[in-house]
Amino acid sequence: MEKKHFKKLLFAILMILASFADAQQDRFTVIEDKLRELSNDTPGLNEKVELSVNGVPIQEFIRGLAASNNLNVSIDPNLKAQVVNNFSNVSVADVLLFLCKKYDLDVVFIGNIMSFSQYAAPIAALVIKKYIPKQLNISYDSIGDLLSLDLSKDSLALVVKELTKETGKNVLFSPDLAGKMVSGYIQNMLFNPALEKFAFANDLKVTPTKDNFYLIEKMETVSANQKNGSSKQSAYSAKPGLNVKMNSDKLITVDAVNMAISDILSAVSADFKNNYFLFSEPKGNLSLNISNATYDQFLNHLFNNTDYTFKKEGELYLIGDRNIEGLRSTKVVSLKYRTVDKIIDFIPAELKKGLEVKMFSDQNSLILCGSQPKIAELEAFLRDIDRVVPVISIEVLIIDVRNSHVVSSGIKAGLGTAPTPSGGDVFPSLNLNLGANAINSIIDGVNGTGLANLGKVSPNFYVNLQLMEQNGDIKINSTPLLCTLNGHEAKMSIGETRYYLEQNSNVIATTSTTTQNTQIYKPLNAEFAMTINPAVSGDEQITMDIYVKQSSFTTQTGTNGPYGTSSRDFKSLIRVKNQEMIMLGGLNEDTKNEASTGVPLLSRIPIIKWFFSSRSKTSSKNKLTIFIKPTVIY
């Protein structure tokens with residue numbers, strides 16, 4: 001019986017060893033495939049080498065191999081193996097694969113960077129019940145920024161994905177939380193506190209970043225001495241002129257006086273325990289004093305106004321010159337409310353310095369190319385000014401009132417060139433022409449009485465009797481509606497065009513004199529024009545720059561001559577509340593005209609003057625009133 005159990009145990013051990021060997025073989029196959037794939041873009045991996053080494057540290061061996069063949073590598077400082085080998089006419093990729101198998105190394109590929117470290121066999125995985133995704137109960141009210149969720153042992157990865165889709169806000173989680181299950185119930189709570197409470201209930205924490213992301217991480221345990229406000233101090237603090245401290249929230253305080261940039265970077269990175277790769281070592285010294293900064297904020301301050309920058313890929317920070325290919329970034333920034341053809345002129349020159357900015361009008365976007373920190377700074381500026389531009393709807397009521405009064409009276413008599421026929425109006429106004437025949441009939445009636453003999457008038461004699469009064473009232477209402485963007489002019493024009501005849505005569509003197517006559521009809525314009533330039537303040541007070549001009553035709557000079565024009569205009573700068581109506585007036589015109597003709601002396605004697613004079617009185621009043629009501633529309 002014991003022998004039977006022993007055989008089963010031996011069989012199980014052999015199966016485990018076989019599966020482990022298969023796993024190892026699969027791991028090296030993956031590394032080999034990755035090296036072959038990377039060699040397409042990195043020719044150095046295909047270079048043939050001749051090497052013979054004896055007792056060289058593996059770190060120095062890989063570093064020298066990378067330097068001579070233009071490879072980007074990162075090597076774990078804990079590798080202690082000594083290389084004793086002879087390689088002849090083999091590719092660099094084969095050498096690296098041999099080292100991985102010989103010294104049990106592992107390679108992590110990040111872009112074209114290879115990170116070498118000692119391989120750690122994974123712990124035997126526990127049998128876990130497969131998670132079956134289900135419909136997540138997450139809802140979001142964008143108007144009130146209210147979040148509701150009902151979760152029970154759901155995958156954090158799926159919850160984060162659904163949150164980002166529902167809210168439009170970017171939520172990320174730390175890679176070590178890939179298999180995390182979460183639960184929680186929240187009803188109609190503001191997004192930020194709701195996300196914080198949800199994270200706290202699942203032993204997590206949320207950190208908003210300055211580029212509008214929300215990062216979910218594990219909640220760290222705080223030791224007793226850290227709770228009392230103590231902070232650890234870096235070993236670099238022992239260097240004169242450099243003091244580095246980190247508090248319990250992983251915020252760094254750095255005080256450096258004329259220290260090398262590389263020393264400051266090494267000190268802070270050691271405290272944060274962050275991995276970084278140097279494309280080129282930063283040169284120069286500087287003085288730096290910052291308090292309670294994150295690692296990214298520290299790097300921004302450290303490399304500000306230098307030729308160096310950084311880029312984060314996963315948990316690795318890539319550091320080097322701004323113009324290095326691996327550190328350049330390209331990003332397309334789409335605008336929601338503004339147009340790129342206008343906004344590009346408002347970007348400060350300092351923000352565009354070191355960046356290439358191109359317009360992509362088809363998608364109303366800007367293409368930014370340069371270092372990541374400069375792109376992030378410019379993108380933050382664009383997001384800040386990319387806001388809804390108010391539209392101002394302007395209702396205008398124009399009331400033009402015109403009153404006129406004309407009185408004409410008097411008697412005119414004279415000799416015409418031909419007999420004047422009798423005729424005219426008697427009612428409602430008196431405007432009567434009497435010819436010689438009518439006058440002679442009247443005289444004959446007087447002569448027939450025997451009282452007097454007045455004789456006869458000549459055939460061309462006429463008399464005009466005039467006595468009339470005219471009144472006119474005209475009221476014109478116009479209600480135009482203007483719309484314009486905030487800070488842009490709105491214009492309106494209503495006009496009339498009349499033409500007059502202009503005649504020119506040109507005398508051409510040659511062997512014979514020729515006269516050339518031309519006739520041209522030229523235009524004259526009279527219009528009512530209004531220009532309004534509104535500007536909306538934060539409390540919806542509207543400042544309007546208003547200009548109004550009105551012109552009209554007067555009498556015409558001659559039959560085909562030009563017309564006279566009169567004009568009225570005013571300009572005003574006012575401020576009103578949203579949807580408040582104002583009245584603008586003052587464009588008033590009052591005209592009086594009196595004319596008389598008569599016999600000297602007799603035309604001034606009362607009563608008698610009505611028989612020896614002709615009089616005309618004209619008066620007119622024009623009044624223009626404008627009502628303006630602006631309304632702000634978002």
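These numbers come from a predicted model, not from an experiment. These values consider heavy atoms only, across backbone and side chains, with no hydrogens, waters or symmetry-generated copies.
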Check: Leu177 main-chain N/O paired with Ser174 side-chain donor or acceptor under 3.5 Å: no

Euclidean distance, Ile385 CD1 relative to Leu335 CG, rounded to 0.5 Å: 8.0 Å

Arg383 atom CZ: more than 12 heavy-atom contacts under 6.0 Å: yes

Close aromatic pair by centroid cut-off 6.0 Å: Phe191 and Tyr214: yes

Other residues, nucleotides, ligands: >12 heavy atoms within 6.0 Å of Phe381 CZ: yes

Residue list, side chain to side chain contact (heavy atoms under 4.5 Å, CB included) with Asp545, at least two apart or on another chain: Asn533, Lys571, Leu573

Sidechain-backbone polar pair: Asp154 side chain, Ser152 backbone, donor-acceptor under 3.5 Å: yes

Among Leu149, Leu151, Asp150, the one residue meeting side chain to side chain contact (heavy atoms under 4.5 Å, CB included) with Tyr185: Asp150

Sequence neighbours excluded, every pair satisfying side chain to side chain donor-acceptor pair (under 3.5 Å) that has a member inside residues 356-365: Ser334-Ser365

Full working for side chain to side chain contact (heavy atoms under 4.5 Å, CB included) between Phe198 and Val182: CA-CA 9 Å; Phe198 162 73; Val182 293; 3.7 Å; yes

Side chain to side chain, Asp141 and Asn188, heavy atoms closer than 4.5 Å: no

From Leu195 atom CG to Met189 atom CE, the distance as rounded to the nearest 0.5 Å: 10.5 Å

Over 12 non-hydrogen atoms of neighbours within 6.0 angstrom of NZ in Lys352: yes

Thr294 side chain to Asp296 side chain, donor-acceptor N/O pair below 3.5 angstrom: no

Kindly list each side-chain donor-acceptor pair under 3.5 angstrom involving residues 485-493, sequence neighbours excluded, with atom names and distances?
residue: Asn486; atom: OD1; partner: Val536; partner atom: N; Å: 2.8
residue: His488; atom: ND1; partner: Asn486; partner atom: O; Å: 3.1
residue: Ser493; atom: OG; partner: Glu527; partner atom: OE1; Å: 2.6

Sidechain-backbone polar pair: Thr164 side chain, Val171 backbone, donor-acceptor under 3.5 Å: yes

Any side-chain heavy-atom pair of Ile626 and Met530 under 4.5 Å: yes

Minimum side-chain heavy-atom gap Leu147-Ile138 below 4.5 Å: yes

Heavy-atom side-chain proximity of Asp386 to Val333 below 4.5 angstrom: no

NZ-OG1 distance between Lys522 and Thr497, expressed to the nearest 0.5 angstrom: 15.5 Å

Inter-residue atom distance Glu395.CD - Ile628.CD1, 0.5 Å rounding: 11.5 Å

Residues Leu146, Leu190; criterion side chain to side chain contact (heavy atoms under 4.5 Å, CB included); working and verdict: CA-CA 5 Å; Leu146 300 176; Leu190 289 175; 3.9 Å; yes

Closest non-hydrogen atom pair between Ala194 and Ile186, with its separation: O-CD1, 3.3 Å

From Glu166 atom CD to Ser142 atom OG, the distance as rounded to the nearest 0.5 Å: 10.5 Å

Thr207/Phe213 under side chain to side chain contact (heavy atoms under 4.5 Å, CB included): CA gap, chis, key distance, verdict: CA-CA 8 Å; Thr207 306; Phe213 279 79; over 6 Å; no

Heavy-atom pair of closest approach, residues Gln541 and Arg575: OE1-CG, 3.8 Å

Heavy-atom side-chain proximity of Ile347 to Leu366 below 4.5 angstrom: yes

Close side-chain approach of Asn578 to Thr631, heavy-atom, < 4.5 Å: yes

Heavy-atom closest pair, residues Leu355 and Gly370: CD2-CA, 3.5 Å

Validation row: Val206, Phe200 side chains within 4.5 angstrom (heavy atoms): no

More than 12 heavy atoms of other groups within 6.0 Å of Lys169 NZ: yes

Side chain proximity check, Glu580 to Lys629, heavy atoms < 4.5 angstrom: no

Criterion side chain to side chain contact (heavy atoms under 4.5 Å, CB included) on Ile532 and Tyr547, from CA distance to verdict: CA-CA 7 Å; Ile532 301 177; Tyr547 176 71; over 6 Å; no

Criterion side chain to side chain contact (heavy atoms under 4.5 Å, CB included) against Leu368, the qualifying member of Val332, Ile375, Thr330: Ile375

Pairwise distance CZ(Arg338) to CZ(Arg387) - rounded to 0.5 angstrom: 10.5 Å

